[in-house]
Amino acid sequence: MQFKIRTGIRVALIVISLLSITKDFAQPMASLISDKIMKPQFEPILKQSEQKKRKVKFGFGLETYVSGNAHGAFYSARLNVSKGKSVFSLGPCLQKRTLELTGAKLGYSYLITEINDRYDEKELKEMKYKQRDILELRILCYVQYLHNASLSYAASRVETITNNNSGINFNQVRLSTVEAALCAEIDINIKWLKIRTYMGGTTFYHTTYINGMYREKCAPALIFGTGFVIPNI
């Protein structure tokens with residue numbers, strides 16, 4: 001009887017010792033296994049994300065846009081400087097009616113969301129969604145200054161009809177205008193090219209103005225634009 005009790009006590013002590021050793025060994029092993037398995041999986045994604053945030057890129061773009069500032073449509077070439085989700089742009093403004101360089105445009109856009117933003121390049125290649133399927137939604141704001149720009153055909157016709165006794169040839173009238181806008185922009189990536197479309201609201205102010213014009217000196221208006229961007233040149 002005493003032999004059985006001693007044997008049981010010894011077995012219990014052995015089991016308790018094994019459980020203690022297993023617990024002490026399992027915790028560092030679990031941590032080690034977790035580091036070995038998970039760290040290599042996430043390191044490339046984290047590294048690429050950090051590099052993407054730090055890298056400065058230079059790009060080029062062309063666009064056409066029109067707003068209700070009475071000057072009609074414009075063409076603009078732009079030089080882009082991007083870092084992370086921010087893009088700064090600067091370029092001249094070419095008026096469609098006169099084909100004259102009449103001002104400059106300074107813009108800033110910020111990336112809100114994009115499909116597959118959480119994947120790195122290696123993972124994107126393995127996915128069925130290719131680069132051309134990626135959409136980007138941005139907030140765009142810009143400020144532009146137009147110096148001695150003519151009125152559009154439509155605006156000059158409206159002014160002529162509403163001021164037919166003024167004796168002013170509104171086809172020859174030129175106004176300088178400051179304009180600021182806030183827009184929603186959608187970019188479609190096609191390999192190395194981005195197709196961009198934006199629409200929003202703008203406020204213009206004619207620094208030179210003829211009293212009595214149908215067009216107000218300062219007023220809000222809508223703006224619409226489209227074009228393309230080469231992000232890396």
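Scope of the values below: all heavy atoms of this structure, side chains included, with no hydrogens, waters or symmetry mates.
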*H206 and T177: side-chain hydrogen bond (donor to acceptor under 3.5 Å, both in side chains), yes or no, with the steps?*
CA-CA 4 Å; H206 297 303; T177 306; 2.8 Å; yes

*Below 4.5 Å, heavy atoms only, C-beta onward: do P231 and K57 meet side chain to side chain?*
no

*Verify, without hydrogens or angle tests, whether S86 (side chain) and Y110 (backbone) share a donor-acceptor contact under 3.5 angstrom.*
no

*Between CD of Q172 and CZ of R174, what distance do you get to the nearest 0.5 Å?*
8.0 Å

*Shortest non-hydrogen contact between R138 and K85, atoms and distance*: NH1-O, 3.4 Å

_Using a 3.5 Å distance criterion without hydrogens, assess whether the side chain of T226 forms a donor-acceptor pair with backbone atoms of R196._
yes

*Do V229 and I233 belong to the same hydrophobic cluster, where Ile, Leu, Val, Met, Phe, Trp and Tyr are linked whenever their side-chain heavy atoms lie under 4.5 Å apart, directly or via other members?*
no

*Close side-chain approach of N80 and L90, heavy atoms under 4.5 Å*: no

*Think R78 forms a cation-pi with F60, using NZ or CZ under 6.0 Å from the six-ring centre and within 45 degrees of its axis?*
no

_Once rounded to the nearest 0.5 Å, what's the spacing between atom CG of D187 and atom CG of L140?_
9.5 Å

*Y145 vs S176, side-chain contact (heavy atoms from CB on, under 4.5 Å): CA-CA, chis, key distance, verdict*: CA-CA 7 Å; Y145 174 71; S176 295; 3.7 Å; yes

_Smallest separation among heavy atoms of R215 and G68, with atom names_ = NH1-O, 3.1 Å

*Could you note down all residue pairs passing ring pair (Phe, Tyr, Trp, His ring centres under 6.0 Å) where residues 207-233 supplies at least one of them, sequence neighbours left out?*
none

*Quick one: closest heavy-atom pair of H71 and A149, and the distance?*
CE1-O, 3.3 Å

*Work out which heavy atom in S76 is nearest to a heavy atom in P92; give both atom names and the distance.*
OG-O, 2.9 Å

*Is K105 close enough and on-axis enough to Y65, meaning under 6.0 Å and within 45°, for cation-pi?*
yes

*Does some side-chain heavy atom of V81 sit less than 4.5 Å from a side-chain heavy atom of K83?*
no

*Do L151 and L175 touch side chain to side chain, with heavy atoms closer than 4.5 Å?*
yes

*Decide yes or no for E136 and E185: does some side-chain heavy atom of the first lie under 4.5 Å from some side-chain heavy atom of the second?*
no

*Hey, what's the ring geometry for Y142 with Y198, parallel, tilted or perpendicular (30° and 60° as the breaks)?*
perpendicular

*Single-linkage hydrophobic cluster L101~F74, side-chain heavy atoms < 4.5 angstrom*: no

*If you measure from CD on E63 to OG1 on T197, what distance do you get to the nearest 0.5 Å?*
10.5 Å

_Can a donor-acceptor pair be found, under 3.5 Å and without considering hydrogens, that links the side chain of N164 to the backbone of T160?_
no

*Please assess F170 against N163 for the test side-chain contact (heavy atoms from CB on, under 4.5 Å), listing each intermediate value before the final yes or no.*
CA-CA 9 Å; F170 285 97; N163 296 279; 3.9 Å; yes

*Compare every heavy atom of V87 with every heavy atom of S82, then report the nearest pair and how far apart it is.*
CB-CG2, 3.6 Å

_Less than 4.5 Å apart, side chain to side chain, heavy atoms only: is that true for K217 and Y205?_
yes

_For a side-chain contact (heavy atoms from CB on, under 4.5 Å) check, start with the C-alpha distance between Q144 and L146, then their side-chain angles and the critical distance, and finish with the verdict._
CA-CA 7 Å; Q144 75 173 11; L146 305 174; 3.8 Å; yes

*Could you check I223 against V66 for side-chain contact (heavy atoms from CB on, under 4.5 Å), going step by step and ending with a plain yes or no?*
CA-CA 6 Å; I223 182 168; V66 61; over 6 Å; no

*So does I195 have more than 12 non-hydrogen atoms from other groups sitting under 6.0 Å from CD1?*
yes

*Given side chains that start at C-beta, do those of C183 and M199 come closer than 4.5 Å, heavy atoms only?*
no

*Got a donor-acceptor contact below 3.5 angstrom from the E100 side chain to the L94 backbone?*
no

*asked:* What's the separation between atom CG in L79 and atom CZ in F58, rounded to the nearest 0.5 Å?
replied: 7.5 Å

*Those residues that, when tested against F88, pass ring-ring contact (aromatic ring centres under 6.0 Å, His included) (two or more places apart)*: Y108

*Taking atom types as modelled and ignoring hydrogens, do the side chains of E179 and S67 form a donor-acceptor contact shorter than 3.5 angstrom?*
yes

*Close side-chain approach of I139 to S109, heavy-atom, < 4.5 Å*: no

*CG of N69 to CG of L222: how many Å apart, nearest 0.5 Å?*
12.0 Å

*Does A180 offer a backbone N or O that forms a donor-acceptor pair with the side chain of T202 under 3.5 Å?*
yes

*asked:* To the closest 0.5 Å, what do you measure between CG (N171) and CZ (R97)?
replied: 4.5 Å

*Determine the minimum heavy-atom distance between L106 and S89, stating which atoms define it.*
CD1-O, 3.3 Å

